[in-house]
Amino acid sequence: MKANKLTPNFQVKDIKETVNFYQSVLGFSLIMAVPETQDAIEQFVADNKEYIYALVSKDKVEMMFQRSDSFKSDVKMAKDISLGASVSFYMEIDGLDNFYDEIKDKVSEITEPKLAWYGMKEFYVKDPNGYILGFAEKSEQ
């Protein structure tokens with residue numbers, strides 16, 4: 001087996017709210033969205049529609065979001081799993097301090113940047129669905 005790419009698929013309660021957070025707070029771009037009618041693939045999220053799926057990206061990172069009812073229908077073993085996770089999604093970035101300053105007042109839960117014992121400067125945020133996102137940069141210290 002050759003592993004080519006890992007793209008997490010987050011079970012979420014509201015696609016529009018989630019996409020808005022990732023775009024306006026974290027700077028991701030929408031690649032595509034699928035309305036709940038499942039009759040189109042769109043490159044924008046319209047106010048007058050509900051969606052079941054979206055794909056966003058930033059540089060080399062992609063994330064998928066699937067509305068909870070659709071996710072549980074597609075992934076039967078997830079039927080009793082709630083939103084949120086017992087893992088964090090850890091991204092190495094450039095410009096950690098500037099990024100922290102840009103978003104610190106836009107999220108409800110965020111940690112202060114700190115130097116970890118393994119040589120990374122990092123901080124964590126919680127998205128609207130309870131997922132924990134870690135942002136890190138190799139420390140110069």
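When a residue number appears, it is its place in the shown sequence, counting from 1.
Ring geometry, Phe99 versus Phe123: the interplanar angle falls from 30° to 60°, so the pair is classed tilted. The aromatic rings of Phe10 and Tyr22 sit tilted relative to each other, their planes meeting at an angle between 30° and 60°.
A salt bridge between Glu50 and Lys16 is present, with a side-chain N of the basic residue lying under 4.0 Å from a carboxylate O of the acidic one.
Considering CE of Met32 and OH of Tyr53, their distance stands at 5.0 Å, rounded to 0.5 Å. Rounding to the nearest 0.5 angstrom, the gap separating the OG atom in Ser29 from the CD atom in Gln23 is 7.0 Å. Asn20 CG to Ile15 CD1: the interatomic distance, rounded to the nearest 0.5 Å, is 12.5 Å. From Lys121, atom NZ reaches atom CD1 of Ile93 across 11.0 Å, with rounding to the nearest 0.5 Å. The line from OG of Ser73 to NZ of Lys79 is 13.0 Å long, rounded to the nearest 0.5 Å. Atom CG of residue Asp101 and atom CG of residue Leu96 lie 9.5 Å apart, to the nearest 0.5 angstrom.
Lys106 contributes no side-chain N or O that, together with a main-chain N or O of Leu26, makes up a donor-acceptor pair within less than 3.5 Å. Panel note: side chain Lys72, backbone Ile81; a donor-acceptor pair is recorded below 3.5 Å. Although no hydrogens or angles enter the test, the distance criterion places a donor-acceptor pair under 3.5 Å between the side chain of Tyr51 and the main chain of Ala46.
Of all heavy-atom pairs between Tyr124 and Gly134, the closest is CD2-CA, 3.4 Å. The minimum heavy-atom distance between Pro8 and Phe89, with the atom names listed, is CB-CE2, 3.7 Å. Taking both residues in full, the closest heavy atoms of Ser82 and Gln11 are given as O-NE2, 3.9 Å, listed atom of the first, atom of the second, then distance. Pairing each heavy atom of Pro35 with each of Ala40, the nearest pair is CD-O, 3.3 Å. Across all their heavy atoms, Ala33 and Val45 have their closest contact at CB-CG2, 4.1 Å. Scanning both residues, Glu62 and Ser57, for their nearest heavy atoms gives CG-CB, 3.8 Å.
The hydrophobic cluster containing Phe135 also contains Tyr131, counting ILVMFWY residues as joined when their side-chain heavy atoms lie under 4.5 angstrom apart, directly or transitively. Linking Ile, Leu, Val, Met, Phe, Trp and Tyr whenever their side-chain heavy atoms come within less than 4.5 Å puts Ile52 and Ile31 in one cluster. Grouping the Ile, Leu, Val, Met, Phe, Trp and Tyr side chains by contacts below 4.5 angstrom, directly or via other members, places Tyr100 with Phe21. Cluster annotation: Met64 is not connected to Ile132 through the hydrophobic network of ILVMFWY side chains, with a link wherever side-chain heavy atoms come within less than 4.5 Å. Criterion: ILVMFWY side-chain heavy atoms under 4.5 Å apart, direct or through other members. Under it, Val125 and Phe28 are part of a common hydrophobic cluster.
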Show the numbers, then the answer: is there a side-chain hydrogen bond (donor to acceptor under 3.5 Å, both in side chains) between Asn129 and Thr18? CA-CA 8 Å; Asn129 299 285; Thr18 302; 2.9 Å; yes

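Looking only at side-chain heavy atoms (C-beta outward), Val75 and Met77 come within less than 4.5 Å of each other. Under the 4.5 Å side-chain criterion, counting only non-hydrogen atoms from C-beta, Lys49 is in contact with Glu42. Asp94 places a side-chain heavy atom less than 4.5 Å from the side chain of Glu137. Looking at Lys138 and Glu92, their side chains come closer than 4.5 Å, going by heavy atoms from C-beta outward.
Applying the 6.0 Å contact sphere to NZ of Lys13 captures more than 12 heavy atoms from other residues, nucleotides or ligands.
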